[in-house]
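Here's the structure we're looking at; comments come further down.
Chain letters run A, B, ... following the sequence lines, proteins first and then strands; every chain starts at 1.
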Amino acid sequence: MLDTILPQSFYARDALVVARDLLGCVLVRDGVALRITETEAYRHPDDSANHCRFGRTPRNAPMWGAPGHAYVYVCYGLHAMLNLVTDADGEGAAVLIRACEIVDGHAIVRGRRGGVRDEVALLAGPGKVGAALGLDTRSSGHALFERGGLEVHEGRVEHVLVGPRVGIDYARPSDREAPYRFADARSRVVTRRRTLTPLVRYASTRGHTEPG
DNA sequence: TGAGCGATTAAA
DNA sequence: TTAATCGCTCAT
């Protein structure tokens, strides 16, 4: 069958473009397949919401590395957040996966008190995405363009919504308001939809296709 | 060695 | 609106 794993070159572009083009792509890991419906871009370290804003640390090291690798960190002590490193090596940019629809597999998501919420078909929120994929920080630094482990397969959406990012009140106003969040307009699995508006002139800007 | 704080979520 | 919860960062 045709190998649809996204090549490393797909990620070697501006985080804003990658975030938009990741909509509709499919995350696959251990029998679970999730279609990406919402993303957020974290650009160069000048972005005051970026984890790299204070320089290189053990935690954010993968973000400073080559594109096409995972950057997973734990938020609020319990949520595994999945990011895909973008741009050139050393740029310090990545895209956060904020929501997905389950395409295949049983995603068992447990509540805080241990109760099984079983087979949630809708994963609105980055913590749920990480839980559904069974991720933890051991996956941080994983090469996404190689077969095995966590893979990302091609996909696309027809219409895109744009708006400000979520949960970064500590950032500079200009960065708080920056339209760095993207979502699939046709999906109902999107957080804070009322703050998003249609993205006009969404054309295919995929420049990762290898010639020949 | 320790205080403070999150790119969140679920329950009240 | 708020508690839960703990690894990471940075300041002693």
Side-chain angles (χ1 to χ4, degrees), chain A residues 11 14-16 18-20 22-23 27 34 36-65 69-87 91-102 107-141 150 161-183 188-196:
Chain A
Y11 304 94
D14 188 300
L16 280 182
V18 177
R20 194 179 60 183
L22 275 171
L23 295 175
L27 296 165
L34 310 180
I36 299 170
T37 57
E38 185 183 340
T39 60
E40 264 179 9
Y42 287 84
R43 308 178 83 186
H44 44 76
D46 288 342
D47 174 357
S48 64
N50 191 326
H51 276 189
C52 291
R53 65 191 181 281
F54 295 132
R56 189 188 183 103
T57 66
R59 179 176 72 157
N60 68 28
M63 245 185 109
W64 288 102
H69 293 257
Y71 164 47
V72 180
Y73 71 94
V74 175
C75 184
Y76 290 95
L78 52 153
H79 305 296
M81 313 285 272
L82 171 62
N83 297 263
L84 313 186
V85 179
T86 67
D87 292 78
E91 185 72 14
V95 171
L96 170 69
I97 307 301
R98 285 194 55 85
C100 294
E101 292 172 357
I102 294 181
I108 307 298
V109 176
R110 291 177 182 283
R112 255 211 321 285
R113 295 183 172 172
V116 175
R117 298 175 63 75
D118 70 30
E119 281 190 60
V120 287
L122 314 173
L123 302 172
K128 293 177 182 175
V129 172
L133 290 171
L135 295 178
D136 59 40
T137 55
R138 286 175 296 183
S139 291
S140 199
L150 177 60
L161 301 176
V162 207
R165 294 173 292 184
V166 177
I168 55 167
D169 292 343
Y170 57 84
R172 280 197 304 265
S174 60
D175 291 329
R176 277 203 304 264
E177 298 156 10
Y180 289 179
R181 185 160 63 105
F182 301 88
R188 87 177 178 88
V189 192
V190 175
T191 65
R192 303 211 192 185
R193 190 164 188 160
R194 66 179 187 279
T195 65
L196 299 170

Give me, pair by pair, the N or O atoms of the protein and of nucleotides 10-12 of chain C that are less than 3.5 Å apart, along with how far apart they are.
none

For residues 166-174 of chain A, which side-chain N or O atoms pair as donor and acceptor with protein atoms under 3.5 Å away, sequence neighbours left out?
from     : atom 1 : to       : atom 2 : distance (Å)
A/Tyr170 : OH     : A/Ala49  : O      : 3.3
A/Arg172 : NH2    : A/Asp46  : O      : 2.8
A/Arg172 : NH2    : A/Asp175 : OD2    : 3.0

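- Residues passing the side-chain contact (heavy atoms from CB on, under 4.5 Å) test with A/Ala99, sequence neighbours excluded: A/Thr37, A/Glu38, A/Val189.
- Take A/Val74 and apply the side-chain contact (heavy atoms from CB on, under 4.5 Å) test, not counting sequence neighbours, and it matches A/Thr137.
- In this structure, the side-chain hydrogen bond (donor to acceptor under 3.5 Å, both in side chains) partners of A/His51, at least two apart in sequence or on a different chain, are A/Tyr71.
- Here A/Arg43 pairs with A/Asp14, A/Tyr180 under the side-chain hydrogen bond (donor to acceptor under 3.5 Å, both in side chains) rule; sequence neighbours left out.
- For DNA chain C, each stem of at least three Watson-Crick or G-U pairs (distances under 3.5 Å) is given as range with range: B:1-6 with C:6-11, B:8-11 with C:1-4.
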Take nucleotides 1-7 of chain B nucleotide by nucleotide from the 5' end and write B, S or -, depending on whether a protein heavy atom sits under 4.0 Å from the base, only from the sugar-phosphate, or from neither.
-> -----BB

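- Among residue pairs with one or both ends in residues 52-63 of chain A, none qualify as salt bridge (charged side-chain N to carboxylate O under 4.0 Å, His left out); sequence neighbours excluded.
- In this view, A/Ala94 and A/Met63, A/Asn83 satisfy the side-chain contact (heavy atoms from CB on, under 4.5 Å) rule, not counting sequence neighbours.
- In this structure A/Arg194 satisfies the salt bridge (charged side-chain N to carboxylate O under 4.0 Å, His left out) test with no other residue, sequence neighbours excluded.
- Under the side-chain hydrogen bond (donor to acceptor under 3.5 Å, both in side chains) criterion, A/Asp87 pairs with no residue at all, not counting sequence neighbours.
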